[in-house]
Amino acid sequence: PVGEDVPFILPTGKPSRTKPEHMTHLRGRNLVPKTHSRIRLRGKLDVLQGHLIEAQVQASQQGLHGLVQDLGELLDLAKQIMRADVLDQDLAEVKLLGMDPAELRTASHSRWAEVTYRDGLLAARLNLIRGYVRETELAAADAYIEGERVKSPNIILTLNRMSSAAYVMVLRLLDGRYGTGEPGRGV
């Protein structure tokens, strides 16, 4: 065992007193290359959180407090996923927008709306968030799937349902359920 006086453990298990710039912490004192799939996932989660906050600012400026709250649910969940990854844990099943994973899947697959520039910047931003969630889900798949073994299946499922929730928010915005939009536009 490496003594507590050695601050870093390299991927080879070798102790190091300095942290190479091309490495970062995976857990505790354990270092990995910055190209590690879990570090890539954390970067995607950081970007996703930034986009969610940016959308909250825009929704707040438009007085769409229900949308700010719904985006806050996604933001809190992105933070929970980050925490679970750092602590090397999986997530419990979650509800988003008052729906469990099966209900979210049904809600997002039961209607279709193609977002265009005519729908406005906020609808475009929500659609972009949906895409960022999908990219984050793919990063989670790279980090957690090894052959047929899935290390943190609820994180992957939750990210999938987060993209469904973002789509449901697009539909709600287009339907005017947040206070603006053209009723019926979201199909």
Exercise. Using a 4.5 Å cut-off on heavy atoms from C-beta on, say whether the side chain of L75 contacts that of L48.
Key: no
Practice problem: Return yes if some donor-acceptor pair links the side-chain N/O of D175 with the main-chain N/O of R177 below 3.5 Å, else return no. | Solution: no
Quiz item: Checking side chain to side chain contact (heavy atoms under 4.5 Å, CB included) against L26, which of L31, I39, D88 comes through?
Solution: I39
Quiz prompt | Exam field: side chain E103 to backbone D100, donor-acceptor pair closer than 3.5 Å | solution = yes
Practice problem: Decide whether L173 and I53 are clustered together by the hydrophobic rule: side chain heavy atoms of Ile, Leu, Val, Met, Phe, Trp, Tyr closer than 4.5 Å, transitively. | Solution: yes
Quiz item: Do the side chains of H22 and T35 get nearer than 4.5 Å, heavy atoms only?
Solution: no
Self-check item: I129/L71 under side-chain contact (heavy atoms from CB on, under 4.5 Å): CA gap, chis, key distance, verdict
Solution: CA-CA 10 Å; I129 285 170; L71 288 163; 4.2 Å; yes
Quiz item: So, for D119 and E114, which heavy atoms are closest and what is the spacing to 0.1 Å?
Solution: OD2-O, 3.7 Å
Quiz item: Is the side chain of R161 donor-acceptor paired with the backbone N or O of P101 at a distance under 3.5 Å, no angle test?
Solution: yes
Quiz item: Under 3.5 Å, is there a donor-acceptor pair between the Y144 and D90 side chains?
Solution: no
Quiz prompt | Distance (rounded to the nearest 0.5 Å) between Q49 CD and D76 CG | solution = 9.5 Å
Quiz item: Heavy-atom distance under 4.5 Å between the side chains of P33 and T24, does that happen here?
Solution: no
Quiz prompt | Rounded distance (nearest 0.5 Å) linking atom CG of L91 with atom CG of L157 | solution = 9.5 Å
Self-check item: Under 3.5 Å: donor-acceptor pair, side chain of T136, backbone of Y132
Solution: yes
Exercise. Kindly give the heavy-atom pair with the smallest separation between S163 and R134, and that separation in Å.
Key: CB-CG, 4.0 Å
Quiz item: Taking atom CG of L45 and atom CD of Q80, what is their separation to the nearest 0.5 Å?
Solution: 12.0 Å
Practice problem: Can you measure from CZ (R29) to CD1 (I9) and round to the nearest 0.5 angstrom? | Solution: 4.5 Å
Self-check item: Over all atoms of both residues, closest heavy-atom pair of L41 and A143
Solution: CD2-CB, 4.4 Å
Practice problem: May I ask you to say whether D142 pairs ionically with R40, meaning some side-chain N is under 4.0 Å from a carboxylate O? | Solution: no
Self-check item: Minimum heavy-atom distance between A123 and L174, given as atom pair plus value
Solution: CB-CD2, 4.2 Å
Exercise. Begin from the C-alpha positions of K79 and R83 and carry the test side-chain contact (heavy atoms from CB on, under 4.5 Å) through to its verdict.
Key: CA-CA 6 Å; K79 291 176 182 179; R83 183 178 189 279; over 6 Å; no
Exercise. Before giving the answer on side-chain contact (heavy atoms from CB on, under 4.5 Å), spell out for N30 and F8 the whole-Å C-alpha distance, their side-chain angles and the decisive distance to 0.1 Å.
Key: CA-CA 6 Å; N30 296 323; F8 307 107; over 6 Å; no
Exercise. Please confirm whether the backbone N or O of L97 pairs with a side-chain atom of E73, one donor and one acceptor, at under 3.5 Å?
Key: yes
Quiz item: About how many Å separate CD of Q69 and CG of L74, when rounded to the nearest 0.5 Å?
Solution: 11.5 Å
Self-check item: Side-chain (K34) to main-chain (E21) donor-acceptor, under 3.5 angstrom
Solution: yes
Practice problem: Report yes or no: does K19 contribute a side-chain atom to a donor-acceptor pair with the main-chain N or O of M23 at less than 3.5 Å? | Solution: yes
Quiz item: Can you tell if the side chain of L126 reaches within under 4.5 Å of the side chain of L67, non-hydrogen atoms only?
Solution: yes
Self-check item: Separation between CE of M82 and NZ of K44, rounded to the nearest 0.5 Å
Solution: 12.5 Å
Quiz item: Got more than 12 heavy atoms from elsewhere within 6.0 Å of CD, Q89?
Solution: yes
Quiz item: Looking only at heavy atoms, which two atoms of A107 and L171 are closest? And how far apart?
Solution: O-CD1, 4.5 Å
Quiz prompt | Single-linkage hydrophobic cluster L121~V68, side-chain heavy atoms < 4.5 angstrom | solution = no
Quiz item: Can you check side-chain contact (heavy atoms from CB on, under 4.5 Å) on L159 and L138, steps first, answer last?
Solution: CA-CA 9 Å; L159 285 163; L138 292 174; over 6 Å; no
Exercise. Using the ring of Y167 (Phe, Tyr or Trp, six-membered ring only), decide whether R130 places NZ or CZ under 6.0 Å from its centre and within 45 degrees of its axis.
Key: yes
Quiz item: Linking I/L/V/M/F/W/Y whenever any side-chain heavy atoms sit under 4.5 Å apart, do V32 and L10 land together?
Solution: no
Quiz item: Counting N and O atoms only, with roles assigned by atom type, does the side chain of H36 sit under 3.5 Å from a partner on the main chain of R38, one being a donor and the other an acceptor?
Solution: yes
Quiz prompt | Salt bridge flag under 4.0 Å for residues R125 and E54 | solution = yes
